[in-house]
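Throughout, numbering of the chain's residues begins at 1 and tracks the sequence. Since the structure is predicted, the reported quantities are computational estimates derived from the model, not experimental observations.
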Amino acid sequence: MRVVCVDDEKLIMELTVSLCREISMIDDACGFTNAKEALKYIAENKVDVALLDIDMPDMSGIRLAAELKKLSPDTAVIFLTGYSKYAVDAFAVHATGYLLKPISVEALKKEIEYAGSRFGGGYPSKMTSRISVETFGNFDVYVDGKMVYFSRSKAKELLAYLIDKKGGSITRNNIFAALWEEGIYDRSKQKQLDVVIRSLKETLNEYGISDILSIQGGALRINPELMDCDMYRFLDGDAQAINSFRGEYMSSYAWAEITEGFMTSRIQSNKK
């Protein structure tokens, strides 16, 4: 695994690099104090994980992560910062992890292992399906390690909602109520939903995973057995998934709060 560390404070950057070299699954670690130089390196080399400071003068870590994802969507981003206030912004750019300084090698190792399990790449992973679904934090889908891009945001939300229902058949009326919250499900809204469903089907066909969606009698469902999903593994009692849950689940969607609350209460009850 190749790791890049970016921090405008040289001593902290060098310390982070030295910590990385203590972790056996990391084959190569290099550091930068300049964000633009780091981007140039990432554009020319395969990087599995980027460890980024957030509060930097020339380019913030949040902006750096956004630019990095354009160059290398599969690179996992872990933020290392002294400020917890940036957590929401961090996960908005699909960060895999968020550590508060000062960091220990044990905490860093845990985040690196989690990043490895999510994104594959020749290091240990529990994923058995070519379809990987990430629900902790924001919602994203990966096929063979590549992120799936949706032409319509509502199509992506529809898939998220069906995944949240764990394979249950959901009527169009209920889908509309969840995705739009307000409004009457009249003929014009039915057509609007039809467009969203068609867009979702087209995206799934494009990525060769159309078999995860079933439509029968006007109801929709996904086939959970065809995908690896962190939430499903959490509910099955998988220790790695349980440890990876940070209290955030499909953060972009209001309807996901029910499942988020259930998982949070389950974690709290297990601690008693």
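The only option from Val133, Leu159, Leu162 that meets the side chain to side chain contact (heavy atoms under 4.5 Å, CB included) definition with Ile212 turns out to be Leu159.
When only modelled atom types and interatomic distance are considered, Arg172 and Asn174 share no side-chain donor-acceptor pair under 3.5 Å. There is no side-chain donor-acceptor pair under 3.5 Å between Thr171 and Asn173.
In this structure, Asp48 contributes its side chain and Arg2 its backbone to a donor-acceptor pair below 3.5 Å. Of the possible polar contacts, one joining the Ser265 side chain to the Gly261 backbone as a donor-acceptor pair under 3.5 Å is found. Between the Asp164 side chain and the Ala256 main chain, no donor and acceptor come within less than 3.5 Å of each other.
Distance check: Cys20 SG to Met25 CE gives 11.5 Å after rounding to the nearest 0.5 Å. Atoms OG1 and CD1, from Thr259 and Ile163 in turn, are 12.0 Å apart once rounded to the nearest 0.5 Å. Here Arg233 contributes atom CZ and Thr135 contributes atom OG1; the two are 9.0 Å apart, rounded to the nearest 0.5 Å. For the atom pair CZ of Arg266 and OG1 of Thr264, the computed distance is 12.0 Å after rounding to the nearest 0.5 Å.
Met250 and Leu220 fall within the same hydrophobic cluster, where Ile, Leu, Val, Met, Phe, Trp and Tyr residues are linked whenever their side-chain heavy atoms come under 4.5 Å apart, directly or through other members. Tyr253 is connected to Leu200 through a chain of hydrophobic side-chain contacts under 4.5 Å among Ile, Leu, Val, Met, Phe, Trp and Tyr, so both are in one cluster.
Atom NZ of Lys154 has more than 12 neighbouring heavy atoms from other residues, nucleotides or ligands inside a 6.0 Å radius.
Within the structure, the side-chain hydrogen bond (donor to acceptor under 3.5 Å, both in side chains) test picks out the following pairs touching residues 4-20 (sequence neighbours left out): Asp7-Lys101.
Taking all atoms of both residues into account, the shortest heavy-atom contact from Ile170 to Tyr161 is CG2-CE2, 3.8 Å. Between Phe234 and Ile242, the shortest heavy-atom distance links the atoms CD1-CA, 3.7 Å. The two atoms that bring Arg21 and Ala29 nearest to each other are NH2-O, 3.1 Å, heavy atoms only.
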